[in-house]
Chemist: 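The structure under discussion is supplied below as structure tokens; questions concerning it will follow.
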Amino acid sequence: MQITKTYPSRLSEIDLENLGFGEVFSDHMFSVEYMNGEWTLPQILPFGKIEILPTLCSLHYGQVVFEGLKAFNSKNGINIFRPEKYHERLNKSCQRLCIPQVSFDMFMEGLVELLKLDRNWIPRKKGYSLYIRPFIFATDSFLGVKVSRTYRFMVVTSPVGAYYKEGFNPIRLMTSGNYVRAVKGGLGAAKAPANYAATLLPAEEAKKKGFSQVLWLDGVEKKYIEESGAMNVFFLIDDKLVTPPLEGTILEGVTRNTVINLAKDWGMDVEERRISIDEVISASNEGRLKEVFGTGTAAVISPVGEIQHNNTLITINGKKTGAFSQKLFDEITGIQYGEKEDKFGWCYPV
Ligand SMILES: *Cc1c(COP(=O)(O)O)cnc(C)c1O
């Protein structure tokens, strides 16, 4: 690997005790180019501008995938949470978008070198972490729809605080009557910017109405719940945990998997099955809907306090964070910060 260090560090300008999400970027970035059928020499460079042609094909046709994972400055040193899972998903996304795969060794080598170099950028404050953003984009220069022959894989990192300005307070979701996010056979299960492009307008409309996000329903019957924003969703009905199944339209969240593993380990029934918005409303009317929460790397657990569907607004757990959501949040962050036993081996030491 070729390493070009920056000097002086910009860290002195940053308050690591007072951060938003994704607004500041660490000193260095990782970059490797793909050409003639192989990944070339990996590099670490000072974070900064990159030069591209206006005819860069990914700008025009969207052949791009990304990931989002976190590193923690824990009691036991620096760790990355479940990098194998994120790497696996990156390659699944690549496969769907005709982008060449990235080996686990190259992925980890890039991450580890970057973290070692920018170790002082990893916040120590509880609730804070270093967000890691790997992404791959097509770099051929042409106009016309076809698969690119060249690519660039990059990793940037960002010290972050809470994802939602609400912090760990419940958010409000609404279904959308006019829009869908994904359909079977589409890109829904890939972590690709194209999915987000489709959701910007509906999310803006929801925000204008006072909601944090859209709760997506399936694209065919507009009946079954899918996911929300950058989160998978869970429903605690009676003592059962229910979450939509992986049928190709929603993202296979790593946090979703973490929650399912923990809940099963605690002896709970977890059902990965279709759940309609009507079932959720009925469960709420019958007093059986105990909690609703979203899961994602950025926010970990996001309690949901209200859901609006057509003319019905349901309130969950008196708009307060539920005990189960809190327990999950405490357990996952406890493992990440080295305060709780990591019995599943999720923390990858750097
Ligand atoms: C990233 C993402 C999630 C959450 O996945 P995690 O691996 O838990 O971060 C959920 N839905 C979408 C659409 C996403 O892009």
Side-chain angles (χ1 to χ4, degrees), residues 21-22 62 64-72 80-94 96-97 107 111 129-136 157-158 160 162-164 171 173 176 179-184 186-200 202-203 206 212-219 224-234 241 243-263 270 272 292-304 325 328-329 331-333 335-336 344 346-348:
F21 196 94
V64 186
V65 295
F66 70 101
E67 268 308 327
L69 63 166
K70 279 176 168 174
F72 298 85
I80 309 176
F81 194 67
R82 309 194 72 185
E84 308 85 354
K85 283 294 241 191
Y86 294 92
H87 168 260
E88 196 184 303
R89 187 173 62 192
L90 177 67
N91 276 341
K92 282 189 194 166
S93 303
C94 286
R96 181 65 183 81
L97 281 107
F107 182 82
L111 255 53
S129 57
L130 191 76
Y131 187 75
I132 304 169
R133 166 55 56 84
F135 57 107
I136 309 176
T157 67
S158 171
V160 296
Y163 184 70
Y164 287 107
I171 57 171
L173 301 179
S176 167
Y179 306 103
V180 298
R181 189 193 91 99
V183 289
K184 256 187 207 169
L187 290 182
K191 214 167 171 75
N195 286 321
Y196 283 88
T199 64
L200 292 175
S212 322
Q213 284 289 348
V214 175
L215 178 62
W216 294 108
L217 300 180
D218 76 275
Y224 297 102
I225 291 170
E226 299 236 299
E227 60 177 323
S228 178
M231 305 186 306
N232 295 107
V233 285
F234 284 82
L241 198 55
T243 194
L246 303 173
E247 293 181 330
T249 54
I250 66 170
L251 200 82
E252 187 176 348
V254 176
T255 319
R256 176 185 182 278
N257 177 273
T258 299
V259 165
I260 291 173
N261 274 295
L262 287 174
V270 182
E272 294 178 64
V292 179
F293 58 88
T295 65
T297 298
V300 189
I301 303 289
S302 287
V304 176
S325 303
L328 276 171
F329 182 83
E331 185 70 23
I332 297 171
T333 55
I335 295 169
Q336 292 170 331
F344 293 95
W346 285 333
C347 298
Y348 184 104

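Each ligand, and each atom within it, is numbered from 1 in the order the structure gives. Just so you know, residue 1 is the first one in the sequence shown, and it goes up from there.
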Chemist: Does any N or O of ligand 1 fall below 3.5 Å from an N or O anywhere on Glu252, backbone included?
Modeler: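 Such a contact does not occur with ligand 1.
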Chemist: For ligand 1, which atoms, with element, lie under 4.0 Å from some heavy atom of Gly253?
Modeler: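 Going through ligand 1 atom by atom, the ones under 4.0 Å from Gly253 are 5 (O), 6 (P), 7 (O), 8 (O).
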Chemist: Show your working on side chain to side chain contact (heavy atoms under 4.5 Å, CB included) between Ile335 and Phe81 and close with a plain yes or no.
Modeler: CA-CA 9 Å; Ile335 295 169; Phe81 194 67; 4.3 Å; yes
Chemist: What I want to know is whether Arg256 and ligand 1 share at least one N or O pair that is separated by under 3.5 angstrom.
Modeler: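 There is no such contact.
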Chemist: Taking only heavy atoms of Arg181, which atoms of ligand 1 are found under 4.0 Å from at least one of them?
Modeler: 13 (C)
Chemist: What is the nearest protein non-hydrogen atom to atom 15 (O) of ligand 1, stated with its residue, atom name and distance?
Modeler: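 Looking only at protein heavy atoms, the one closest to atom 15 (O) of ligand 1 is Tyr196 OH, 2.4 Å.
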Chemist: Look at the aromatic rings of Phe234 and Phe293 and report parallel, tilted or perpendicular, splitting at 30° and 60°.
Modeler: parallel
Chemist: Numbering the atoms of ligand 1 from 1, which are under 4.0 Å from a heavy atom of Asn232?
Modeler: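 Per the distance check, 10 (C).
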Chemist: What's the shortest distance from atom 11 (N) of ligand 1 to any protein heavy atom, and which residue and atom give it?
Modeler: Glu227 OE1, 2.6 Å
Chemist: For side chain to side chain contact (heavy atoms under 4.5 Å, CB included), just list the numbers for Leu111 and Leu69, CA-CA rounded to whole Å, side-chain angles, deciding distance to a tenth of an Å, and then say yes or no.
Modeler: CA-CA 11 Å; Leu111 255 53; Leu69 63 166; 4.1 Å; yes
Chemist: Among all protein heavy atoms, pick out the one at the shortest distance from atom 1 (C) of ligand 1; state its residue, atom name and that distance to 0.1 Å.
Modeler: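 Ranking protein heavy atoms by distance from atom 1 (C) of ligand 1, first comes Lys191 NZ, 1.4 Å.
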Chemist: Quick one, Gln213 with Ser228, criterion side-chain hydrogen bond (donor to acceptor under 3.5 Å, both in side chains). Give me CA distance, side-chain angles, the key distance, then yes/no.
Modeler: CA-CA 7 Å; Gln213 284 289 348; Ser228 178; 4.7 Å; no
Chemist: Determine, stepwise, if the pair Leu262 / Phe344 fulfils side chain to side chain contact (heavy atoms under 4.5 Å, CB included).
Modeler: CA-CA 9 Å; Leu262 287 174; Phe344 293 95; 3.9 Å; yes
Chemist: Using a strict cut-off of 4.0 Å, indicate which atoms of ligand 1 neighbour a heavy atom of Arg89.
Modeler: 5 (O), 6 (P), 7 (O)
Chemist: Does ligand 1 have any atom that is closer than 4.0 Å to a heavy atom of Ala298?
Modeler: no
Chemist: Which protein heavy atom lies closest to atom 9 (O) of ligand 1, and at what distance to 0.1 Å?
Modeler: Thr297 OG1, 2.5 Å
Chemist: So which heavy atom in the protein is nearest atom 8 (O) of ligand 1, and how far is it from that ligand atom?
Modeler: Thr255 OG1, 2.6 Å
Chemist: Distance to 0.1 Å, residue and atom name: give those for the protein heavy atom nearest to atom 3 (C) of ligand 1.
Modeler: Ala230 O, 3.3 Å
Chemist: Are Arg256 and Glu227 close enough, and set up right, to give a salt bridge (Lys or Arg N to Asp or Glu O under 4.0 Å), and what steps lead you there?
Modeler: CA-CA 11 Å; Arg256 176 185 182 278; Glu227 60 177 323; over 6 Å; no
Chemist: Between Thr243, Val259, Thr258, which is the residue that forms a side chain to side chain contact (heavy atoms under 4.5 Å, CB included) with Thr295?
Modeler: Val259
Chemist: What is the distance from atom OG1 of Thr255 to atom CD1 of Ile301, rounded to the nearest 0.5 Å?
Modeler: 7.5 Å
Chemist: Go through it in stages, so that I can follow the logic: the residues are Met231 and Ser302, the test is side chain to side chain contact (heavy atoms under 4.5 Å, CB included), and I'd like the CA-CA distance, side-chain angles, deciding distance and then a yes or no.
Modeler: CA-CA 8 Å; Met231 305 186 306; Ser302 287; 3.6 Å; yes
Chemist: Just which atoms of ligand 1 are under 4.0 Å from any heavy atom in Met231?
Modeler: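 Ligand 1 atoms under the 4.0 Å threshold to Met231: 10 (C), 11 (N).
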Chemist: Under 4.0 Å from a heavy atom of Gly296: which atoms of ligand 1 are those, numbered in the order shown and with their elements?
Modeler: 4 (C), 8 (O), 9 (O)
Chemist: Of Arg89, Lys191, Arg82, which is the lone residue that meets salt bridge (charged side-chain N to carboxylate O under 4.0 Å, His left out) with Glu67?
Modeler: Arg89
